[in-house]
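Worksheet for the structure shown next.
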Amino acid sequence: MSGRTSRGEAEEGWASNAVVFSPSGTPEAEFCVGDDIPALVTDAHGGIWTAYGDAGIYGGHPESGGGLAGWDVRGRASWAPEGRLPQRPLHGCTAATEDDQVWLVWYSSTSSGGTFLSRITPSTGDVVSYVSPVRTPDGFAVRGDRAVLTRRDHNMRSVEVVRAALDGTTWTVTSRRRVRVPGRVVMHCGQGRDGFLWLRAGNTWLRIEA
């Protein structure tokens, strides 16, 4: 998957930037899932979920303009926020899955700012958003009422690991610590899968449990 795409001639539409592979590694479909994608995750049934950057949101691609989007395995748009987010997104941060739910992490375009954790239920399209206890995290994973979030130190081999708990409607930080990692954390390479955060540091993938 490429995070960027471009518009071709009118009859050509947008250039493909995603490929779906079969379990054996054979390409099955190729299509466009919007422009300027810093965060992408697939759900338990193969659906694709994307959060966009400002170049995509304020560019010309129709699905990128909502800030967040869902897609089926044939590249058809299947979900859009439709006014259900607390603020207008400006940029995606990271993404995660937990069982049949998807989490997209993003920050807003308002003058006061704010980072949000949006939980989407693909089967119904319902979305619930929480204020993030960490501003613009690089990684996020969740299990029940526990979460782990990370923030990289720019150009350094260390990362801040933050743990949080959900108390009703609020995520509250329970611990923070700085951890040395094998290499610099790679931007847009943190993803949560069913309670585990996979974070790429240099050429190494780290696994952190929520």
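One N or O on the side chain of W79 and one on the backbone of G125 form a donor-acceptor pair closer than 3.5 Å. Listed for the S132 side chain is a donor-acceptor partner under 3.5 Å among the backbone atoms of V134. Judged purely by atom type and a 3.5 angstrom limit, S108 has no side-chain atom pairing as donor or acceptor with the backbone of P89. No donor-acceptor pair closer than 3.5 Å links the side chain of S129 to the backbone N or O of P86. Side chain of H45 to main chain of G47: no donor-acceptor pair is present (N/O by atom type, distance under 3.5 Å, no hydrogens or angles). The main-chain N or O of D99 is found under 3.5 Å from a side-chain atom of D194 such that the two form a donor-acceptor pair. Here the side chain of T115 pairs no donor or acceptor atom with the backbone of R135 at under 3.5 angstrom. The backbone N or O of G202 lies less than 3.5 Å from a partner atom in the side chain of R200, making a donor-acceptor pair. Within the 3.5 Å criterion, the main-chain N or O of S123 finds no donor-acceptor partner in the side chain of T121.
One hydrophobic cluster holds both F31 and Y52 under the rule that ILVMFWY side chains link at heavy-atom gaps under 4.5 Å. In this structure, V128 is a member of the same hydrophobic cluster as L149, with clusters built from ILVMFWY side-chain heavy atoms closer than 4.5 Å. No continuous path of hydrophobic side-chain contacts links L206 to V186 [ILVMFWY only; heavy atoms under 4.5 Å]. Under a hydrophobic-cluster definition in which Ile, Leu, Val, Met, Phe, Trp and Tyr are linked whenever side-chain heavy atoms come within less than 4.5 Å, directly or via other members, V159 and W198 are assigned to different clusters. Connection of L40 to V102 is not established within any shared hydrophobic cluster, with ILVMFWY side chains joined at heavy-atom distances below 4.5 Å, either directly or through further cluster members.
No side-chain heavy atom of V148 sits less than 4.5 Å from a side-chain heavy atom of V162. Residues T136 and V105 have side chains not in contact (no heavy-atom distance under 4.5 Å, counting atoms from C-beta outward). Counting heavy atoms from C-beta outward, C32 and H61 have side chains that approach closer than 4.5 Å.
D36 approaches A55 most closely through the heavy-atom pair OD2-N, 3.0 Å. When all heavy atoms of A147 and F140 are compared, the pair lying nearest together is CB-CE1, 3.7 Å. R143 approaches A210 most closely through the heavy-atom pair N-CB, 4.1 Å. The shortest non-hydrogen separation linking P182 to T204 is CB-OG1, 3.9 Å. For V19 against E30, the heavy-atom pair with the smallest separation is CG2-CG, 4.0 Å. I57 and R88 get closest at one heavy-atom pair: CG2-NH2, 3.4 Å.
Here the CG-OG distance, from L104 to S118, works out to 7.0 Å after rounding to the nearest 0.5 Å. Atom OG1 of T172 sits about 15.5 Å away from atom CZ of R163, to the nearest 0.5 Å. Taking OG1 of T97 as the start and CD1 of I120 as the end, the distance is 12.0 Å to the nearest 0.5 Å. For the atom pair CZ (F116) and SG (C93), the distance works out to 11.0 Å, reported to the nearest 0.5 Å. Rounded to the nearest 0.5 Å, atoms CD1 (I208) and CG (L197) are 5.0 Å apart.
Using cut-offs of 30° and 60° on the angle between ring planes, the pair W103 and Y130 is parallel.
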Practice prompt. Before giving the answer on side chain to side chain contact (heavy atoms under 4.5 Å, CB included), spell out for T170 and V131 the whole-Å C-alpha distance, their side-chain angles and the decisive distance to 0.1 Å.
Written response: CA-CA 7 Å; T170 304; V131 175; over 6 Å; no
Item to complete: Walk me through it: do V41 and Q191 pass the test side chain to side chain contact (heavy atoms under 4.5 Å, CB included)?
Response: CA-CA 8 Å; V41 70; Q191 188 177 101; 3.8 Å; yes
Discussion item. One pair to check against ring-ring contact (aromatic ring centres under 6.0 Å, His included): H91 and W106. What are the steps and the verdict?
Written reply: CA-CA 6 Å; H91 205 281; W106 53 276; over 10 Å; no
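Results of the salt bridge (charged side-chain N to carboxylate O under 4.0 Å, His left out) test with E160 over R152, R151, R176 single out R176 as the only residue that passes.
Residues that satisfy the side-chain contact (heavy atoms from CB on, under 4.5 Å) test with T42, not counting sequence neighbours, are I48, R193. For R157, there are no side-chain hydrogen bond (donor to acceptor under 3.5 Å, both in side chains) partners at least two apart in sequence or on another chain.
No hydrogens or angles considered: a donor-acceptor pair under 3.5 Å links the side chains of S24 and S22. A side-chain donor-acceptor contact under 3.5 Å links D153 and S158. Side-chain N/O atoms of W49 and D43 include a donor and acceptor closer than 3.5 Å.
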